[in-house]
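Remarks on the structure that follows.
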There are 2 protein chains.
Amino acid sequence: MAKRSLSISDDQAIELAEMFRLMGDASRLKIVLTCLSKPRCVSDIATATKLSPSLVSHHLRLLRAARMLRAERQGKQVYYGAADEHVRCVIADMVAHVRETDSET
Amino acid sequence: MAKRSLSISDDQAIELAEMFRLMGDASRLKIVLTCLSKPRCVSDIATATKLSPSLVSHHLRLLRAARMLRAERQGKQVYYGAADEHVRCVIADMVAHVRETDSET
DNA sequence: AATTCATATGAAGTACTATTCATATGTTTG
DNA sequence: CAAACATATGAATAGTACTTCATATGAATT
């Protein structure tokens, strides 16, 4: 494996930052984590995160627009889950990494 | 290794989100990436990122406060680098992951 | 010690974003 | 079809954050 280069273009930086920015809000982060392991409907996400359904819906729209989450209607409910396996992995890994770092000290 | 649980406390979510938030700005992300592989002085970071020294300094203060970067004075210059090996790894991995995802499509 | 270079700090303005409340859309059930 | 439920959307507000410009601090050199 070659030495990792960390230089990126301006466009890449902006795109990358956008993904981080979405995770950079506690409400959104909790929402993402809630429906990452398995799809969850909006009201369940709201209950689990203790956020209002309206607020959850607003955030879900952003996460959906960024292709991080994917929506699927089932009757009255709409289920949200990771957009794809890769997204799931990336996010799970990021969280795991940061939690490791956090629990050291 | 047990099945990864992704549930986190409110405090953890806030702390985690704070780290993501810092990476969620293109200017800051570029700054971090610039001085991650080896310590760089402020003016070099400014040149590399095409940002004003003043702006770079402002952002460096935030990154330093969050213990992501570490400052060391050498004469007139102040060199900034990863606060520790773990931080370097976490950030490099996050970037690598996201770049993989990005280059697929 | 005065000047010059490098970095830091402070104030100000502009823009953005999270949240709430009210309302609308869409779906099922009686 | 009406009522009830789930989700989505829109407007308004309040708090925050990025950036710039001016200025200050700190270090080296002559």
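Hydrogens, waters and symmetry mates play no part in the numbers below; they use all other heavy atoms, side chains included. Proteins get letters first, then strands, A, B, ... in listed order; numbering begins at 1 in each.
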Considering all heavy atoms, the nearest R28(A)-R21(A) contact:
NH2-O, 3.5 Å
Which is true for S43(B) with a 4.0 Å heavy-atom rule: it touches a base, it touches only sugar-phosphate, or it touches nothing?
sugar-phosphate
What's the CD-C1' distance between Q74(A) and dT28(C), to the nearest Å?
14 Å
Pairwise 5' ranking along DNA chain C for R28(A) and Y80(B), keeping only the more 5' one
Y80(B)
In terms of hydrophobic clusters joined by side-chain contacts under 4.5 Å, are F20(B) and I14(A) together?
no
Criterion side chain to side chain donor-acceptor pair (under 3.5 Å) against Y80(B), the qualifying member of E72(B), R70(B), R64(B), R40(B):
R64(B)
Quick check: is L55(B) connected to V32(B) through a chain of hydrophobic side chains (ILVMFWY, heavy atoms under 4.5 Å apart)?
yes
Is there a path of hydrophobic side-chain contacts, each under 4.5 Å between heavy atoms, that joins L62(A) and I91(A)?
yes
For L62(A) and dC16(C), give me the distance from atom CG to atom C1', rounded to whole Å.
12 Å
Give one of base, sugar-phosphate or nothing for S54(B), where a contact means two heavy atoms less than 4.0 Å apart.
base
Rounded to whole Å, NZ of K76(A) lies from C1' of dG30(C) at a distance of 12 Å
Closest approach of A13(A) and L29(B), non-hydrogen atoms and distance?
O-CD2, 3.6 Å
For atom CE of M23(A) and atom P of dA18(C), their distance in whole Å:
14 Å
Quick one: how far along DNA chain D does chain B reach, first to last nucleotide 5' to 3', anything under 4.0 Å to a heavy atom?
dA17(D) to dA28(D)
On DNA chain C, check which nucleotide each of L55(B) and L51(A) is closest to and give me the residue with the more 5' one.
L55(B)
What's H58(B) touching, base or sugar-phosphate or nothing? Going by heavy atoms closer than 4.0 Å.
base
Given DNA chain D, 5'-ward residue of the pair R73(B) and R73(A), judged by closest heavy atom:
R73(A)
